[in-house]
Trainee: 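One structure coming up, written as structure tokens, with questions to follow.
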Protein chains: 2
Amino acid sequence: MSEAENEWLPQPDVDDIELVKVLQALADPVRLSLLKAYAAGKRFNCSPEELGVAHLHKSTVSHHMKIMREAGLTSTRAVGRNRYVQLRRDDLDARFPGLLDSLLKSLPD
Amino acid sequence: MSEAENEWLPQPDVDDIELVKVLQALADPVRLSLLKAYAAGKRFNCSPEELGVAHLHKSTVSHHMKIMREAGLTSTRAVGRNRYVQLRRDDLDARFPGLLDSLLKSLPD
DNA sequence: GAGGTTGTTGGATGATTGTCAAACGGTACG
DNA sequence: CGTACCGTTTGACAATCATCCAACAACCTC
């Protein structure tokens, strides 16, 4: 049994989260799907099937996750082969009060 | 003196405003500047200077305004040579409650 | 260690986008 | 009427982007 690593993937500091980049990260139907999945608590692994984007290649999903993380939308912890992703709710709410909530309420079914 | 026309430029119906398109329309620094100008009540003419994007060609500004209008963000009334633009506050708030408010509060200076 | 799993990276490609410039079309007003 | 004005449209161009595929790296299990 190897030492369980617990490494956080690089992400911008709270104060460096830019509105334009957040909006750019959200301006894509696939990433809105990911946002919805993350908001629903799906935080374990990145398989396209479980994230509701089964039609996409896994590298494409990885690409979208990177964009969201680098925009400041998500945090990712790498543990072994898995990625544990979660929304940066507190950080986003501190920086853009109410934005995430109204977004999540406005997401299409 | 010619008859003063009062023609509304084409825009989506309230129920047809899509979140993705709204976000795409907002995911650009220039259009965020326009949003800010419109929110501040600058509704008369489309000159790049008065809208705070003096570095851009007038056709570029016209292009951005069209994108915002077709996304459902703005309403435009054409009167003579002028364009009277305003935010669709009520429509946006009906469709995405709280979104516009939190956005406007989050706009950079 | 071998082989299967999970996610990332690089290249390639087609589509979209932001911008400008020039031409165009109404409009206002001498 | 002619000219200046204001915004739109079109074409062109470079840049960015979303996607796939193949190769790779790290990990887990047998």
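Letters A, B, ... are given to chains in the order of the sequence lines, protein chains preceding strands, and every chain is numbered from 1.
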Trainee: The side chain of B:Lys66 lies closest to which of these nucleotides: D:dT8, C:dT6, D:dT9?
Mentor: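 Out of D:dT8, C:dT6, D:dT9, the nucleotide with an atom closest to B:Lys66's side chain is D:dT9.
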Trainee: Indicate the atoms forming the closest heavy-atom contact of A:Pro12 with A:Ala71, along with that distance.
Mentor: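 A:Pro12 and A:Ala71 have their closest heavy atoms at CG-C, 4.1 Å.
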Trainee: Send over the distance from A:Glu7 CD to D:dA26 P, rounded to a whole Å.
Mentor: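 Checked: the CD to P distance equals 11 Å.
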Trainee: Out of D:dT8, D:dA18, C:dT8, which has the shortest distance to the side chain of A:Arg31?
Mentor: D:dA18
Trainee: Using whole Å, what does the distance between atom C1' of nucleotide D:dG7 and atom CG of B:Leu51 come to?
Mentor: 12 Å
Trainee: Write down the distance between CG (A:Asp28) and C1' (D:dC17), rounded to a whole number of angstrom.
Mentor: 9 Å
Trainee: Between atom CG of B:Leu104 and atom CG of A:Leu99, what is the distance when rounded to the nearest 0.5 Å?
Mentor: 11.0 Å
Trainee: Check every atom of C:dT9, D:dA18, D:dA23 against the side chain of A:Ile67 and return the nucleotide holding the closest atom.
Mentor: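 The answer is D:dA18, which lies nearest to the side chain.
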Trainee: Are B:Leu9 and B:Met65 co-members of a hydrophobic cluster defined by side-chain heavy atoms under 4.5 Å apart?
Mentor: no
Trainee: Under 4.0 Å between any heavy atoms, over every strand shown, what does A:His63 touch: base, sugar-phosphate, or nothing? Just pick one.
Mentor: base
Trainee: Send over the distance from B:Met65 CE to C:dG18 C1', rounded to a whole Å.
Mentor: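 That distance rounds to 16 Å.
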Trainee: State whether the distance check finds a donor on one side and an acceptor on the other, under 3.5 Å, for side chain A:Ser59 versus base D:dC21.
Mentor: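 For A:Ser59, whose side chain was compared with the base of D:dC21, there is a donor-acceptor pair (under 3.5 Å).
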Trainee: Counting side-chain heavy atoms from CB outward, which of D:dT8, D:dC20, C:dT19 is closest to B:His64?
Mentor: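 Among the listed nucleotides, the one closest to the side chain of B:His64 is C:dT19.
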Trainee: Rounded to whole angstroms, how far apart are CD on A:Glu49 and P on C:dT5?
Mentor: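 Going from CD in A:Glu49 over to P in C:dT5 covers 13 Å.
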Trainee: Looking only at side-chain atoms of B:Arg81, point me to the closest of D:dC20, C:dG7, D:dC5.
Mentor: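 My answer, after comparing the listed nucleotides, is D:dC5.
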Trainee: Without decimals, in angstroms, what is the distance between A:Arg77 CZ and D:dA26 P?
Mentor: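 Rounded to whole Å, this separation is 20 Å.
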Trainee: Please determine, for the side chain of B:His57, which listed nucleotide (D:dA18, D:dG7, C:dC20) has the closest atom?
Mentor: C:dC20
Trainee: Which distance, rounded to the nearest 0.5 Å, do you find between the CG of B:Asp91 and the CG of B:Asp16?
Mentor: 11.5 Å
Trainee: Donor-acceptor pair, distance only, cut-off 3.5 Å: does the side chain of A:Ser102 make one with the backbone of A:Gly98?
Mentor: yes
Trainee: Find the distance B:Leu56:CG to C:dG18:P and express it as a whole number of Å.
Mentor: 12 Å
Trainee: Under 4.0 Å between any heavy atoms, over every strand shown, what does B:Val30 touch: base, sugar-phosphate, or nothing? Just pick one.
Mentor: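 Here B:Val30 touches the backbone only, sparing every base.
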Trainee: Look at A:Thr60 and D:dA18 and indicate whether a side-chain polar atom (N or O) is within less than 4.0 Å of OP1 or OP2.
Mentor: no
Trainee: Whole Å only: how far is the NZ atom of B:Lys58 from the C1' atom of C:dG25?
Mentor: 11 Å
